[in-house]
Q: 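Before we start, here is the structure in question, set down as structure tokens.
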Amino acid sequence: MTIALNATHDPKLRSWVASANEAGCDFPIQNLPFGRFRAAGSSEPFRIGVAIGDQVLDLKAAGLVDTDDMNALMSASMKERQGLRAAISAGLAEGSGQQAAWSKALLPQARAEMTVPCRIGDYTDFYTGIHHATTIGKLFRPDQPLMPNYKWVPIGYHGRASSIGVSGQAFKRPQGQTKAPDAAEPGFGPSKRLDYELELGFFVGRGNALGEPIALGEAEDHLFGVALLNDWSARDIQAWEYQPLGPFLSKNFASTLSPWIVTMEALAPFRARFERPAGDPQPLAYLDAPSNRESGALNITLEVLLQTAKMRAEGVAPTRLTRGNTTEAAYWTAAQLVAHHTVNGCNLQPGDLLGSGTLSGPKPDEAGSLIELTQGGKQPITLPNGEKRTFLEDGDTLVIRGYCERAGAVRIGLGEVSGTVA
């Protein structure tokens, strides 16, 4: 289903929350992303909020919902979700009669504690970034960078959800087995090749019954929205353990999400054609539909920044490592991931998370990981302060930011996701 533009997307729409009207704001009234929050320092339960400018609107306090259960809200039908979005937009618009009452339901984001946006029951990590897959393949398999199935089937594996955290997460350096090429046997210890992975996380809204596939044309009815995702990876542990079943300890120590889910409705003005390169195989019938070809792709700009412990101590802001766009990075659309995941009857549930896989562009400065930027650690990058990096060191903070821009539409942001190697 293609989401039609409506009054909530009007570029002329302004909010009585003044910060939402500022140029470059991530959360103008045209965005309205969902998250879970509470007042910082309190022990109260987390509540459902919507970001507007630099504020959070408490939906229950505003009388818009009667639950604190985000998963229940996510399970609503597309029509019900669009109705809620319209009500929030109307109430936050300039001249709204709700201003006096809703002003009391606002909390500055600077005074809010955020958590993971919903309960994540299951996590599936896909591998949709063809440039990343090719570059990594050349490092591990120079004679066959892409496996024969890559252009035919969305590759994915079922991961763990227990160690997924929210932006600001700090985690210990992972440990595991590693084996040097010239070593007779593996050793055990902390990872020396810790990396980030630039991804998007797609959240399932309404689920499907066991045994009932979701057709491609209906797949986006079952998607609630998108968040930024850093799926950290210990490359040395991964190289030893990933065959024949894939990564395990190299991934399960942490993944980090941005706190806000930008809805599929908010992304409607930023859709793009999904086209395969000339000569590549076209998707099989269950992964193909006219609507997916016309507007299945998302046009999102993604940036990766790094701040070392030394930079932080000296008050130096994070420096940008890369910037790219999802239209050039992803070989499969979000709808195709849902259709493929359920084609054999697998039942998705509200709050399930689908990772896109590392989203790297075709150019070196569009890489979505350090292993690509440094050519497997062979070419260290030099930061503006003179420090060098091949992989992440203790104290490093990695930041991912995302936003959508298009002529004739108001810029919207996905916020940011940050994490620190403790």
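When reading the values below, keep in mind they use all heavy atoms of this one structure, side chains included, and skip hydrogens, waters and symmetry mates.
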Q: With a 4.0 Å cut-off, would you call Arg38 and Glu44 a salt bridge?
A: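 So Arg38 does not pair with Glu44 through a salt bridge.
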Q: Got a salt bridge between Arg81 and Glu265, using NZ or NE/NH1/NH2 to carboxylate O under 4.0 Å?
A: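 Salt bridge: yes.
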Q: Partners of Leu5 by side chain to side chain contact (heavy atoms under 4.5 Å, CB included), sequence neighbours excluded?
A: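 So Leu5 forms a side chain to side chain contact (heavy atoms under 4.5 Å, CB included) with His9, Ala268, Pro269.
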Q: Would you mind reporting whether Asp122 and Leu353 have side-chain heavy atoms less than 4.5 Å apart?
A: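 The answer is no; the side chains never approach within 4.5 Å.
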Q: Has Arg173 got its NZ or CZ under 6.0 Å from the middle of the six-membered ring of Phe253, at an angle within 45 degrees of the ring axis?
A: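 Ring-cation test returns no.
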Q: With a 4.5 Å heavy-atom cut-off, do Leu249 and Gln238 have their side chains touching?
A: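 With C-beta onward as the side chain, the pair stays apart.
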Q: Ignoring hydrogens and angles, state whether a donor on the side chain of Tyr286 or His340 is under 3.5 Å from an acceptor on the partner side chain.
A: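 Yes, side-chain donor-acceptor contact under 3.5 Å.
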Q: Going from CZ on Arg119 to CG on Asn71, what distance comes out if it is rounded to the nearest 0.5 angstrom?
A: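 Arg119 atom CZ to Asn71 atom CG measures 4.0 Å (nearest 0.5 Å).
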Q: Locate the shortest heavy-atom distance separating Ala161 from Gly121; write the atom from each residue and the value.
A: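 It is CB-O, 4.2 Å.
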Q: If you compare all heavy atoms of Gln55 against all heavy atoms of Pro108, which two are closest, and at what distance to 0.1 Å?
A: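 Scanning both residues, the minimum pair turns out to be OE1-N, 3.4 Å.
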Q: Could you walk me through whether Glu220 and Arg271 pass salt bridge (charged side-chain N to carboxylate O under 4.0 Å, His left out), step by step?
A: CA-CA 13 Å; Glu220 288 203 11; Arg271 307 306 296 258; 2.5 Å; yes
Q: Run the salt bridge (charged side-chain N to carboxylate O under 4.0 Å, His left out) test on Asp394 and Lys192 for me, step by step, so that the C-alpha distance in whole Å, both residues' side-chain angles and the decisive distance to 0.1 Å come before the verdict.
A: CA-CA 10 Å; Asp394 291 351; Lys192 297 178 182 178; over 6 Å; no
Q: Between Arg401 and Ser258, do the side chains contain a donor N or O and an acceptor N or O under 3.5 Å apart?
A: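 No, no side-chain donor-acceptor pair sits under 3.5 Å.
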Q: Do the side-chain N and O atoms of Ser255 and Asp231 include a donor-acceptor pair separated by under 3.5 angstrom?
A: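 Yes - a donor-acceptor pair under 3.5 Å links their side chains.
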Q: Regarding Asn230 and Thr256, do their side chains bring together a donor and an acceptor under 3.5 Å, going by distance alone?
A: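 Checked: Asn230/Thr256 side chains show no N/O donor-acceptor pair below 3.5 Å.
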Q: Using every non-hydrogen atom in the two residues, find where Leu398 and Leu305 come nearest and quote the distance to one decimal.
A: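 In this case the closest contact between Leu398 and Leu305 is CD2-O, 3.4 Å.
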Q: Taking 4.0 angstrom as the limit, do Arg206 and Glu218 come out as a salt bridge?
A: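 No salt bridge links Arg206 with Glu218.
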Q: Distance only, no hydrogens: is a donor on one side chain within 3.5 Å (strictly under) of an acceptor on the other, for Ser369 and Glu372?
A: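 There is such a pair between these side chains.
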Q: Sort and list the pairs that fulfil side chain to side chain donor-acceptor pair (under 3.5 Å) and have at least one residue in residues 405-415, not counting sequence neighbours.
A: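 Residue pairs with at least one partner in residues 405-415: Asp26-Arg411.
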Q: Please tell me whether Thr397 and Thr420 have a donor and an acceptor in their side chains that are separated by less than 3.5 angstrom.
A: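 Their side chains do contain a donor-acceptor pair, which is all the 3.5 Å distance test asks for.
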Q: Going from CG on Leu302 to CG on Leu359, what distance comes out if it is rounded to the nearest 0.5 angstrom?
A: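 So the CG of Leu302 and the CG of Leu359 are separated by 6.5 Å.
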Q: So, applying salt bridge (Lys or Arg N to Asp or Glu O under 4.0 Å) with Asp68, which one of Lys60, Arg36, Arg47 is it?
A: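 Option passing the salt bridge (Lys or Arg N to Asp or Glu O under 4.0 Å) with Asp68: Lys60.
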Q: So, Asp396 and Tyr196: side-chain donor and acceptor under 3.5 Å apart, yes or no?
A: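 Their side chains do not contain a donor-acceptor pair, so the 3.5 Å distance test is not met.
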Q: Would you say the side chains of Ser191 and Asp236 form a donor-acceptor pair under 3.5 Å?
A: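 A pair is found: one side chain offers a donor N or O, the other an acceptor, under 3.5 Å apart.
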Q: Rounded at 0.5 Å granularity, tell me how far CG in Asp125 sits from OG in Ser356.
A: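 Answer for the CG-OG pair, Asp125 versus Ser356, is 7.5 Å.
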Q: For Thr67 and Asp69, which I'm curious about, is there any donor-acceptor pair between the side chains at under 3.5 Å?
A: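 Note: Thr67 and Asp69 side chains miss the donor-acceptor criterion.
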Q: Taking NZ, NE, NH1 and NH2 as the nitrogens, is one of them in Glu303 or Arg323 under 4.0 Å from a carboxylate oxygen of the other?
A: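 Yes, this pair counts.
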Q: Please assess Phe46 against Phe37 for the test ring pair (Phe, Tyr, Trp, His ring centres under 6.0 Å), listing each intermediate value before the final yes or no.
A: CA-CA 5 Å; Phe46 285 99; Phe37 79 102; 8.5 Å; no
Q: How are the rings of Tyr127 and His132 set to each other: parallel, tilted or perpendicular (split at 30° and 60°)?
A: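 Ring orientation, 0 to 90° scale: perpendicular.
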Q: Can you tell me how the ring of Phe224 sits relative to the ring of Phe34, calling it parallel under 30°, perpendicular over 60° and tilted otherwise?
A: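 Ring orientation of Phe224 relative to Phe34: perpendicular.
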